[in-house]
Structures are given as C-alpha cells and as structure tokens.
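When a residue number appears, it is its place in the shown sequence, counting from 1. Ligands are counted one by one from 1 in listed order, and the atoms in each one are counted from 1 as well. Note: hydrogens, waters and symmetry copies are ignored here, and every other heavy atom, side chains too, is used.
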Amino acid sequence: MKVLVIGGAGYIGGHVARLLSDRGYAVDVVDNLSTGSTRNLFPEYGFFRGDILDYPWLAGVVAKGSYGAIIHLAAAKAAGESMLVPEKYSTQNLCGTINILNAACEAGVERIVFSSSAAVYGEPRYLPIDESHPKEPENYYGFTKLEIERILAWYDRLKGIKFAALRYFNAAGYDPGLRVRGLEKKPANLIPVIMEVAVGIRKSLDVFGVDYPTPDGSGVRDYIHVSDLALGHLLALEYLEREKKSITVNLGSESGLSVLKILETARRVTHRPIPSVISPRRPGDPATLVASSALAKTVLGWEARHSSLETIIETTWAAYAAQESTPLA
Ligand code: UD1
C-alpha cells in the first residue's frame, strides 16, 4: 500500500514514515518544512514540499498518488502559544485538516490516521485517563484537536472515510538506530529544552512549579517514546484495513514521570551540569497526566516497548550529541 505522510519531515512524522517504509509500505511525504527537517527524509520516499493550506496544490498531490491511506501529523502544537494566537491554530489545524479531508474525498482515499492529543481531556477528573474521560480542553490547541476528531466522525458518517484518532500523551525520545534525528527548531517541550541546556544553546532550565500535589512537587506527565508512537500508527493503519471502522485511542506509557526526575536522569546520562531555576507554574499546566492505554493494547495489540525513562533520555541525548559533534542543519 502507498501511504501519504503529511508532516512526515517533522519529529513524530519522520519516525512514522521511517517505520512504514521499513515495513514495506511505499511512502510519500508532504511537508512545508516550517518545523520539519530534510534530515528526516530518505531517498526512497516521494517528497512534495508545500502547504496544506494551498488547497489546489494539495488536492493535486493527493489525486495523483493512488494512496491507500493518509497519515496526518501537520499541525501547530504549542499549547501556550495557542492561547495567545488562536488564529494560527484555527487556520493551520482546523482549516488544514479540512483541506486534507476534502482532498481525500476528491481522490477517493478511504483511510486517515490523525494525530490527536491528550490535550483534548483538559484538567484530569480521574487518573489514569481513559478515552471516555470528559473532554474539556484547557487550551485552544486541545480544542482544535477535539473539533477535528468531531469533524472526522462526520466525514466517516457522510463520506465513509474511516479514521484512527491517536491521542498522544507526551512524545519523547529519538529513533534508537539514530536514522531519524532531525532536531526540532525552537522547542518548548521539556526534554528538548533540557537537551538544549546540556549542549549550551540555553543557559538553564526553568522548572515550572515545584508546589504541585505530586511526590516531589514538580509536574508529572506520561512520556511515550516516539518509536512506540510510530508503531501505534502502523497498527492503526492495519486496523483500518482489517476492520473497516473508525477508532479513537490513547497512546501513552501508563506511567508518570516528574520534571525533577527527568532533570536528574538527564544530568546523569549526559554528564553535563544542566543548570535549573525554580520558576512559577506555567498557566494551564495540570499537576499530573497519566494515560490508560488499555484500549490500544486490546484493540490494536499495541504496547510501549521503548518508553523507559533511561531509553527516552539516552536516545534523545544521542541525537543532540550527534548534532553537537557534526552540525549539519
Ligand atoms: C503539551 C500538551 C500536549 C501537546 C504537547 C506538545 C497539554 C495539557 N499538553 O504537553 O497535548 O501534545 O504540549 O507540545 O496541553 N516544563 C518545565 N520547563 C520547561 C518546559 C516544560 O518545567 O521549560 C514542564 C511542564 O510544566 C510540564 C512538563 O514539563 O509539567 C511537560 O511539559 P511540555 O513538554 O511542555 O508538555 P505538556 O505541556 O505536558
């Protein structure tokens, strides 16, 4: 089967494209390279550089490809920014996805795997968070992901497009084989920020709050290795082919790690001091987010295999250390 990976030069998309290609799928990538890197692309992929907001161009690419499925990972994803510049999230996330769905309808593509997010849930009412947890996003980014899930359900009902919406918890780590290692530009997420401090791009890490009701007072999240996420996409694709029905699942490791624990592990693995400063809480951050991934296990046969804290930090450090010694991009 030929698959179009939209956002395939990005951090998660790059890992997804690599795995699909390794497993025998023909892979084409669409990316505007606004945050993605050509270092995540491989000669065996078809690559179309352009923007999903350019509908005539996008519809042309989708129509010509004879794709069995689209994997859509092209979105703006900074929760804090989405509260300041909602217009960007409306356009890129909502309008961009609608363009992809309409192009899929025109071309007769029947399956789509969509990057959703734990941000659809908002402040947890109970832990671990399963898929039936109330959906009350606390930021506009999470709202766009939830609205897209609802639009997907309508396109399933009205146009017969089957979707898998994958609600990622905190994506982390790098390809253990280090083939996919394009680094994110100007990252805002915890682990890349820690790595930028380790290599000297930033002076110190701001620890956003140590007064949370958690064991060490810092925020607790469910970090899921990007290679485990990539496998989730492959299994979701196989599920859509096999079952011909839509599905929405969490992808998380089911264990919570605190900011301070991650910082301590990063110092040990990197042998760098990684200075830190205790800062006020970041608005909108819940104390703890931990997934239940029982549904993905039962229905997709998915399991997180690379998501130990050690593997996450070691593989991320390998990518940053490689860039430090041979800067390419
Ligand atoms: C958020 C979104 C998530 C989205 C992800 C991608 C929510 C609830 N979550 O995750 O859906 O997919 O962004 O961008 O909207 N931290 C620091 N210092 C830093 C950065 C982070 O202490 O410099 C702390 C945060 O307070 C938090 C943890 O580290 O406790 C993880 O933060 P981050 O990596 O930004 O991800 P989330 O906000 O959990």
Of all protein heavy atoms, the one nearest atom 34 (O) of ligand 1 is L190 N, 2.8 Å
Is there a donor in the side chain of Y121 and an acceptor in the side chain of E131, or the other way round, less than 3.5 Å apart? no
Residue, atom and distance of the protein heavy atom nearest atom 18 (N) of ligand 1 read D206 O, 2.7 Å
When distances are taken from atom 26 (O) of ligand 1, the protein heavy atom at minimum range is D285 OD2, 2.6 Å
Checking heavy atoms under 4.0 Å, the part of S218 that sits near ligand 1 is neither
Item to check | A79 N/O to ligand 1 N/O under 3.5 Å | outcome: no
Sequence neighbours excluded, the answer for side-chain contact (heavy atoms from CB on, under 4.5 Å) partners of N170 is R221, Y223
Beyond-backbone contact of W57 with D51, side-chain heavy atoms, under 4.5 angstrom
no
* To do: Using a strict cut-off of less than 4.0 Å between a Lys/Arg side-chain nitrogen and an Asp/Glu carboxylate oxygen, indicate whether R267 and E264 qualify as a salt bridge.
  => no
- request: Determine if the distance from atom 1 (C) of ligand 1 to the closest protein heavy atom is below 4.0 Å.
  value: no
Residue, atom and distance of the protein heavy atom nearest atom 33 (P) of ligand 1 read N189 ND2, 3.4 Å
Ligand 1 atoms nearer than 4.0 angstrom to some heavy atom of A188 are 20 (C), 35 (O)
Worksheet item: Under 3.5 Å, is there a donor-acceptor pair linking the side chains of S115 and Y168?
Response: yes
The closest protein heavy-atom partner of atom 8 (C) of ligand 1 is L289 CD1, 3.9 Å
Ligand 1 atoms nearer than 4.0 angstrom to some heavy atom of V207 are 22 (O)
Exercise. Looking just at side-chain N and O atoms, do H72 and T97 make a donor-acceptor pair shorter than 3.5 Å?
Worked result: yes
Can a non-hydrogen atom of Y223 be found less than 4.0 Å from any atom of ligand 1?
yes
Side-chain contact, heavy-atom cut-off 4.5 Å: T214 with S258?
no
The answer for which part of Y141 has a heavy atom under 4.0 Å from ligand 1 is side chain
Restricting to heavy atoms, the pick from V220, V193, V259 nearest atom 24 (C) of ligand 1 would be V259
Contact region, I191 to ligand 1, non-hydrogen atoms below 4.0 Å, reads neither
Donor-acceptor side-chain pairing of K77 and N189 below 3.5 angstrom
yes
Is a donor from one side chain sitting under 3.5 angstrom from an acceptor on the other, for N93 and Y141? no
Could you establish whether A78 and ligand 1 come within less than 4.0 Å of each other, counting only heavy atoms on the residue side?
no
Heavy-atom proximity to atom 35 (O) of ligand 1 ranks first, among E123, R282, E81, for R282
For atom 36 (O) of ligand 1, the closest protein heavy atom turns out to be N170 ND2, 3.1 Å
Determine whether the side chains of D130 and S292 contain a donor N or O and an acceptor N or O closer than 3.5 Å.
-> no
In this structure, atom 9 (N) of ligand 1 is nearest to the protein heavy atom A119 CB, 4.3 Å
If we number the atoms of ligand 1 from 1 as shown, the ones under 4.0 Å from a heavy atom of G219 are 30 (O)
Q. Taking the six-membered ring for Trp, are Y320 and Y174 parallel (under 30°), tilted (30 to 60°) or perpendicular (over 60°)?
A. perpendicular
Ligand 1 to F208 polar contact by distance, N or O atoms, under 3.5 Å: yes
among protein heavy atoms, the one nearest atom 11 (O) of ligand 1 is S117 OG, 2.5 Å
Within the structure provided, determine whether R125 and E136 are in side-chain contact (heavy-atom separation under 4.5 Å).
yes
